[in-house]
Amino acid sequence: MVARVIPVETFDLVIFGGTGDLARRKILPGLFRRFLAGQMPADSRIIGAARSALDADGYRAMIADAIEEFGGDEKTNKKGVADFIARLDYVPIDAKGEGGWKALAELVRTDVVQAFYFSVGPSLFGDLAERLHKHKISTSDSRIVVEKPFGRDLESAQALNATLAEHFNESQIYRIDHYLGKETVQNLMAVRFGNVLFEPLWNNHYVDHIQITVAETVGVAGRGAYYDKSGAMRDMVQNHLMQLLCLIAMEPPSKFDADAVRDEKLKVIRALEPIEPHHIVRGQYEAGPDGPSYREDAENPRSFTESYIAMKTHIANWRWSGVPFYLRTGKRLKARASEITVVFRTNGHSIFEGEKDQQQNVLSIHLQPNEGMDLQVTIKEPGPGGMRLVSVPLDMTFADALGDQDVEVTDAYERLIMDVIRGNQTLFMRGDEVEAAWAWTDPLIDGWEARNDVPKLYDAGSSGPEDSLMLLHRDGRKWREIKG
Ligand code: BG6
């Protein structure tokens, strides 16, 4: 199946922090792929803006190197690289002073789509917004893109929202959560709301429980200074896992548009019950054969920050009352595997003699790797010898189902940036959603800080601390195996 490419309108995209890690690793290689796919109109431009005293050629050389390093297979297209970097420009800028703003104002056109990507720390958001406004660079149609972390608690998130609101309307603000740009995450909505099959079963009458796992093999080496102040709760749960939870649990929106979808997600977050302390397990990895311990990686020998967290939560509404949602995420686990699993109930009675119980149907949605879904169903074991039952997966790995060769796998960032240019906010977090997520997260963090909770140690390369197994064992359930 050949992916359809619909060109966007001509744009000027300014990337503040254009020489930074995210810009070099994700944003520009992503834009390069969209350029090769023919999605960028010929007269669109990308303008890097950062502190470094580079000129346009210096910036182009830097980004050519970045594409060489992070550009994937497409980087071998040398003509493509040359044509792409010819679109780049650069302005040295002082976010807190006046340097560079006049030059930027001269460069950015006001008669095309304008987007300003704040790929910088949140402490600069206010300065940038104010100067864009003061120098009349932005217009009432400009879009601004901001990255996580969007605050570190409710208060700081509210302050950031208020700062941005001084110069931009909510309809101009695109808060990125790159999990929403992942192919399978969007597929979750297609599967739920594009089929009649699942909706009748999608409630507490038929669902026993839901598991959300985001397991990583990487540790925190190299970004310990940031991570040690965040931990898995702030780094992953408040945003990525919360978004997955919303998409799996929300009511059908009236249509697939930004506010209809975000209204429904917000209701889920607001309906989350507080979690009791014994339903949260925090962990920290120990040294393993292929790497140091968390404390060594974070360069903090006394750190109590969690690199792993598991929890059981409930959504207090009619659909989900009584259905536990088990969430877990961690670093340095045995495999990189992100998966949402919906485990259905059985009716408790088997008509097949000798078969004790009905097997549970399980719908697994694999985010990464091997994007796709499978549905565990019970069939008769082939061959003679009576009615023996066996549980098998109906496998819908997307690459197999859709024909591996031509399906274009767009990275989350490139998809989301193109949505910014199109003016589609559906896959971005609204200010009230972010605040509601912090309002749920804050008391949990305050709780363990007040208790001086010490994370449980777990072996690097394992499935996490033993106590997290108990979280489900106590309920007569078990985690799905973490498999890459
Ligand atoms: C980021 C977190 O938002 O997401 C990282 O800050 C994490 O700690 C990353 O590693 C995971 O993203 P992905 O796309 O690799 O699953």
Side-chain angles (χ1 to χ4, degrees), residues 17 20-27 29-30 33 70 72 117-122 145-152 157 174-188 212-247 282-285 291 294 297-298 300 303 305-309 327-340 365-372 409-417 427-429 433-434 437-438 441 455 460 464 482-484:
D21 197 53
L22 183 72
R24 289 183 309 111
R25 230 175 239 281
K26 292 283 184 187
I27 304 174
R33 282 192 291 273
F70 306 113
Y117 201 128
F118 292 7
S119 180
V120 295
V145 185
V146 293
E147 274 290 331
K148 73 177 264 275
F150 198 83
R152 54 174 286 108
Y174 291 71
R175 295 176 194 78
I176 287 214
D177 181 316
H178 78 281
Y179 265 56
L180 289 176
K182 289 185 190 273
E183 187 70 29
T184 318
V185 174
Q186 293 168 68
N187 240 316
L188 193 57
I212 301 179
T213 297
V214 178
E216 298 185 89
T217 49
V218 291
V220 303
R223 57 200 289 260
Y226 150 77
Y227 192 92
D228 205 43
K229 293 201 182 66
S230 300
M233 186 67 159
R234 288 191 172 98
D235 185 52
M236 297 292 288
V237 178
Q238 187 272 346
N239 35 75
H240 305 325
L241 275 83
M242 184 70 65
Q243 291 296 323
L244 299 179
L245 176 71
C246 286
L247 297 180
R282 298 167 63 243
Q284 209 180 60
Y285 60 83
Y294 173 82
D297 274 348
N300 179 359
S303 174
T305 301
E306 76 284 355
S307 59
Y308 175 98
I309 191 161
L327 317 183
R328 66 177 162 168
T329 181
K331 306 266 183 212
R332 297 280 278 130
L333 296 177
K334 64 195 280 198
R336 178 170 188 255
S338 301
E339 179 179 272
I340 302 173
I365 299 145
H366 313 285
L367 266 54
Q368 57 199 24
N370 309 326
E371 301 184 336
V409 180
T410 31
D411 174 82
Y413 273 94
E414 50 191 285
R415 179 193 318 274
L416 292 173
I417 297 169
L427 299 176
F428 296 83
M429 294 180 294
E433 256 185 276
V434 178
W438 281 121
T441 314
I482 297 177
K483 279 194 294 212

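What's counted below: heavy atoms across the whole structure, side chains too, no hydrogens, waters or symmetry copies. Remember, it's 1-based here, ligands and their atoms both numbered in the order they're listed. Along the sequence shown, the residues carry numbers beginning at 1.
For ligand 1, the atoms sitting less than 4.0 Å from at least one non-hydrogen atom of Lys148 are 1 (C), 2 (C), 3 (O), 6 (O), numbered in the order shown with element in parentheses. The ligand atoms of ligand 1 that sit less than 4.0 angstrom from a heavy atom of Asp235 are 2 (C), 5 (C), 6 (O), 8 (O).
In terms of protein heavy-atom proximity, atom 16 (O) of ligand 1 is closest to Tyr179 OH, 2.4 Å.
The environment of NZ in Lys148 is crowded: more than 12 heavy-atom neighbours from other residues, nucleotides or ligands sit within 6.0 Å.
Taking each heavy atom of Gly464 and Leu333 in turn, the nearest pair found is N-CD2, 3.7 Å.
Put simply, CZ on Arg234 and OG1 on Thr305 are 9.0 Å apart, with the number rounded to the nearest 0.5 Å.
Relative orientation of the Tyr285 and Tyr294 rings is perpendicular, given thresholds of 30° and 60° on the angle between their planes.
The closest heavy-atom contact to atom 1 (C) of ligand 1, among the options Gln368, His240, Lys331, Lys182, comes from His240. Which of His178, Glu216, Glu147, Arg336 comes nearest to atom 4 (O) of ligand 1 through a heavy atom is settled by distance: it is His178.
Side-chain contact annotation: Asp177 with Asn239, donor-acceptor N/O pair under 3.5 Å absent.
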